Peer 1: 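The following block contains the structure, expressed as structure tokens.
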There are 2 protein chains.
Amino acid sequence: MEALPRETIVDVLEERLREDILAGRHPAGSYLPPERRLADGYGVTRTTLKHAFGRLVQAGLLETRHGVGTKVLDYARQGGADLLPMLVRHDPKWLHEIFEVRRSIGALIAERAAARATRSQHAELGRLLEAVREAGDADAVQLADIEVHRALARATGNRVYALLTNTLFKAYLPVRAALRGPFTDAETAHRRLVPLVDAVVSGDGRRAHAAADTYLRDTERIMLEGLA
Amino acid sequence: MEALPRETIVDVLEERLREDILAGRHPAGSYLPPERRLADGYGVTRTTLKHAFGRLVQAGLLETRHGVGTKVLDYARQGGADLLPMLVRHDPKWLHEIFEVRRSIGALIAERAAARATRSQHAELGRLLEAVREAGDADAVQLADIEVHRALARATGNRVYALLTNTLFKAYLPVRAALRGPFTDAETAHRRLVPLVDAVVSGDGRRAHAAADTYLRDTERIMLEGLA
DNA sequence: GTGGCTCAGTGGCTGAGCCACTCAACCAAG
DNA sequence: CTTGGTTGAGTGGCTCAGCCACTGAGCCAC
């Protein structure tokens, strides 16, 4: 088992604030009510509210200025990719756009990985691929699959790809359970990955690019079917 | 003028903690000292420390568990792209890797934008391109240039590209001043952008892809020269 | 062994309070 | 009039002391 999530007040408050902002109840460019009043409204302490603010500030949703107030930013303009988990939870339509980007970048990563992966990275890919086949349930298969893609990103030799991959995964992690379609059968999931890993290990960039595209299109289609 | 940054205690503390973590003084997997002791050590209140913690938790550098402690995570494994600004500040070597990714994704964006941009987006690109020429100093040129790229990302019709673009810009924003090389002359900067915008407006995906690649290689080279 | 209890240690959260900053209104000097 | 300084209300930044809630290890009764 893995120990997981506690829902703290700050979590709930952050969620609530985010919803209020994304839903337009606090339009971009406007100022939030003063902290004392807002905290009062939500029934929490100012300190707690500020903790929630801190997260939203970092995410690019808010901007506080000492002595002035807290301004709602336009996330499309100021926000970074780390907003995606929030945005997906707020409106699943984002998933389509995330998948499209994932497909393009995934192909890019496969191509780079084919060109640059080291021997030991080839071996690691093999091990992780095998782990997909041996995973117990859909959940485990999905996680094993993610590990393969992480390893591919590492194999590019560019750590930024690894971080981007993390970001995109985090984006649909909140709705992960609804996207298990491609992973219900370990054997099938494994088979679907083989051409991609093969192409990368063979060092053929073009083939790796194509294989990644195929793989991502297939899994994407199945995932989106599962949603409908 | 633009009103900007205040360096608050939390900012400094966050920076300090981050350095201590990235430098390995708190290795991944280990636990930080208890908040009370750590706050004492840094000479701040526990509340303030927790604000700094909050940011690092969100960035994927720390994980707190009620009743247990605060664990240092492996950012390469858990961290998202929003860590990049921190990482660049800690070690400028990251810039090379960021630039490589920016080049690949930039080309991707240009290609998509060529295929999908609307008439009004074409017009907007024209306006923003003109703004580059008319910008006053290197700083303004750089900002105008960024706006062109933001508009390109929007023109893909996929909002995730816009967020990714923001993320990558934020990554080198902390060292922006050192990367002004390509923007010292507005006329030159403008001329360099023209083929890219032209290709996108013409709707020729292949040409847009190539033009973006050329543009990004050129500016990248000049920026990195400026660093050395 | 097994299960329940206790307790020390940890992070979560509070509420009251002071400090620092910003802005607009006012006012006096020119 | 214009200019420049002062003031005060309102805001976020930060502290402090303290209680609550959770975890895990050790103990104990069964």
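Chain naming here is simple, since letters A, B, ... match the order of the sequence lines and numbering starts at 1 in each. The structure displayed is predicted, hence computed values, not measured ones.
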Peer 1: Sequence neighbours excluded, which residues qualify as side-chain contact (heavy atoms from CB on, under 4.5 Å) partners of B:Lys93?
Peer 2: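 B:Lys93: side-chain contact (heavy atoms from CB on, under 4.5 Å) contacts with B:Asp91.
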Peer 1: According to salt bridge (charged side-chain N to carboxylate O under 4.0 Å, His left out), who are the partners of B:Asp137, at least two apart in sequence or on a separate chain?
Peer 2: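 Expected list: none.
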Peer 1: A:His51 has an atom NE2; how far is it from atom P of C:dG15, in whole Å?
Peer 2: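 Distance check: A:His51 NE2 to C:dG15 P gives 15 Å.
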Peer 1: Starting at the 5' end of DNA chain C and moving along, which residue's nearest nucleotide shows up first, A:Arg46 or A:Val68?
Peer 2: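 In this pair, the answer is A:Arg46.
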Peer 1: Specify the residue among A:Leu32 and B:Gly67 whose closest nucleotide of DNA chain D lies further upstream toward the 5′ end.
Peer 2: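 First, find each residue's nearest nucleotide; the 5'-ward one identifies A:Leu32.
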Peer 1: For a quick test of reading the model: is some side-chain N or O of A:Thr8 closer than 4.0 Å to OP1 or OP2 of C:dC13?
Peer 2: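 Result: yes.
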Peer 1: For B:Arg16, enumerate each residue passing the salt bridge (charged side-chain N to carboxylate O under 4.0 Å, His left out) test, keeping only those at least two apart in sequence or located in another chain.
Peer 2: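 Listed in chain order: nothing, the list is empty.
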Peer 1: Atom NE2 of A:His66 and atom P of D:dT11: how far apart are they, to the nearest Å?
Peer 2: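 One finds 12 Å between P of D:dT11 and NE2 of A:His66, rounded.
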Peer 1: Crowded around A:Arg25 CZ? As in, over 12 foreign heavy atoms under 6.0 Å?
Peer 2: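 Atom CZ in A:Arg25 is crowded, with more than 12 foreign heavy atoms closer than 6.0 Å.
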Peer 1: Round to a whole Å and report the spacing from CD of A:Glu14 to C1' of C:dC13.
Peer 2: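 So the CD-C1' distance, A:Glu14 to C:dC13, works out to 16 Å.
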Peer 1: So which pairs with a foot in residues 161-171 of chain A pass salt bridge (charged side-chain N to carboxylate O under 4.0 Å, His left out), sequence neighbours left out?
Peer 2: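 Checked against salt bridge (charged side-chain N to carboxylate O under 4.0 Å, His left out) - neighbours excluded - no pair reaches residues 161-171 of chain A.
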Peer 1: May I ask you to evaluate whether B:Thr64 reaches the phosphate of C:dT10, defined as a side-chain N or O under 4.0 Å from OP1 or OP2?
Peer 2: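 For B:Thr64, the contact criterion (side-chain N or O under 4.0 Å from OP1 or OP2 of C:dT10) is not met.
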Peer 1: Tell me the salt bridge (charged side-chain N to carboxylate O under 4.0 Å, His left out) pairs involving residues 38-52 of chain B, sequence neighbours left out?
Peer 2: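 Listed by first then second residue: B:Glu35-B:Arg46, B:Glu35-B:Lys50.
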Peer 1: Quick one: B:Leu49 CG to C:dT10 C1', roughly how many Å, whole number?
Peer 2: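 One finds 13 Å between C1' of C:dT10 and CG of B:Leu49, rounded.
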Peer 1: Give the dot-bracket line for DNA chain D from 5' end to 3' end: parentheses for intra-strand Watson-Crick or G-U pairs under 3.5 Å, square brackets for crossings, | for inter-strand pairing, dots for unpaired.
Peer 2: ||||||||||||||||||||||||||||||
Peer 1: Would you say A:Thr47 places a side-chain N or O within less than 4.0 Å of OP1 or OP2 belonging to C:dG15?
Peer 2: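 For A:Thr47, the contact criterion (side-chain N or O under 4.0 Å from OP1 or OP2 of C:dG15) is not met.
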Peer 1: Let me know the distance between CG of A:Asp11 and P of D:dC22, rounded to the nearest Å.
Peer 2: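 My rounded result for the distance is 14 Å.
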Peer 1: CG of B:Leu62 versus P of C:dT10: gap in Å, rounded?
Peer 2: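 Rounded to the whole Å, the gap is 17 Å.
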Peer 1: Once salt bridge (charged side-chain N to carboxylate O under 4.0 Å, His left out) is applied, do any residues pair with A:Glu130, and if so which ones, sequence neighbours excluded?
Peer 2: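 For A:Glu130, the residues satisfying salt bridge (charged side-chain N to carboxylate O under 4.0 Å, His left out) (neighbours in sequence not counted) are A:Arg133.
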Peer 1: Report the residues that fulfil side-chain hydrogen bond (donor to acceptor under 3.5 Å, both in side chains) with B:Arg55, sequence neighbours left out, ordered by chain and then residue number.
Peer 2: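 Partners of B:Arg55 under the side-chain hydrogen bond (donor to acceptor under 3.5 Å, both in side chains) test: B:Asp11, B:Glu14.
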Peer 1: Could you tell me the separation between the CZ atom of A:Arg65 and the C1' atom of C:dT22, rounded to a whole number of Å?
Peer 2: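 For the pair A:Arg65 CZ and C:dT22 C1', the rounded distance is 8 Å.
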Peer 1: For the CZ atom of B:Arg159 and the NE2 atom of A:His96, what is their distance to the nearest 0.5 Å?
Peer 2: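 Answer for the CZ-NE2 pair, B:Arg159 versus A:His96, is 11.5 Å.
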Peer 1: Quick check on contacts: within residues 33-45 of chain B, what sits under 4.0 Å from DNA chain D by heavy-atom distance?
Peer 2: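 DNA chain D contact set from residues 33-45 of chain B: B:Arg36, B:Thr45.
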Peer 1: Send over the distance from B:Lys71 NZ to D:dC22 P, rounded to a whole Å.
Peer 2: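 Spelled out: NZ on B:Lys71 to P on D:dC22 is 21 Å.
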Peer 1: Please confirm whether the shortest side-chain N or O distance from B:Lys50 to OP1 or OP2 of C:dG12 is below 4.0 Å.
Peer 2: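 True: B:Lys50 side-chain N/O within range (under 4.0 Å) of C:dG12 OP1/OP2.
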